[in-house]
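So the structure is just underneath, and the comments pick up after that.
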Amino acid sequence: SEACVIVRVKDRFVEKPSPGGWRDLMINFYLADDPNQHVCEVQIVSNKMLVARKGLKENANYARTRNALEILEKLDARDPSKRWTRVRYLREVEGRKAGELWSLGFEIFDLL
């Protein structure tokens, strides 16, 4: 509908499950009349996956890993062959320190 503006649809049911095997469909959108365009997310997931996720004792670790992977994706740095060029840019042009890049989800190997 014209009330919502779809920003992104991420199909991980069929197209591309997460590295951890998580399958869902995410729809990011904002309301057309929102002048700030606050992005919202609707996540569609099977009941079995939701129960399994809630039962994970290390859910905090999962959340950190997922956030790190999403940051790397946003930085266009998930592809290992591109990561070193992104690290070089972030360090040389933006002046980012190794510790900051580590906290963004880059690995030690990427920082060498």
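All residue numbers in this chain count up from 1 along the given sequence.
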Inset, instruction - With sequence neighbours left out, write down each residue that passes side-chain contact (heavy atoms from CB on, under 4.5 Å) with D33, or none if nothing qualifies. - result: L31
Inset, instruction - Measure across D34 and N36 and return the closest heavy-atom pair with its distance rounded to 0.1 Å. - result: OD1-N, 2.9 Å
Inset, instruction - Kindly give the heavy-atom pair with the smallest separation between Y30 and V7, and that separation in Å. - result: CD2-CG2, 3.6 Å
Inset, instruction - Output all residues satisfying side-chain hydrogen bond (donor to acceptor under 3.5 Å, both in side chains) with Y89, sequence neighbours left out; order by chain, then residue number. - result: none
Legend entry - Nearest-0.5 Å distance that lies between atom CG in L25 and atom CZ in R12: 10.0 Å
Legend entry - Set of residues satisfying side-chain hydrogen bond (donor to acceptor under 3.5 Å, both in side chains) with respect to R96, sequence neighbours excluded: E94, E100
Legend entry - Closest heavy-atom pair and its distance - E2, A32: O-CB, 3.3 Å
Inset, instruction - Name all residues meeting the side-chain hydrogen bond (donor to acceptor under 3.5 Å, both in side chains) criterion together with D11; count only those two or more places apart in sequence or in a different chain, and write none if there are none. - result: none
Inset, instruction - Decide yes or no on side chain to side chain contact (heavy atoms under 4.5 Å, CB included) for F13 and R23, but give the supporting numbers first. - result: CA-CA 5 Å; F13 272 116; R23 294 178 182 271; 4.1 Å; yes
Legend entry - Point-to-point distance, once rounded to the nearest 0.5 Å, from CD of Q43 to NZ of K10: 10.5 Å
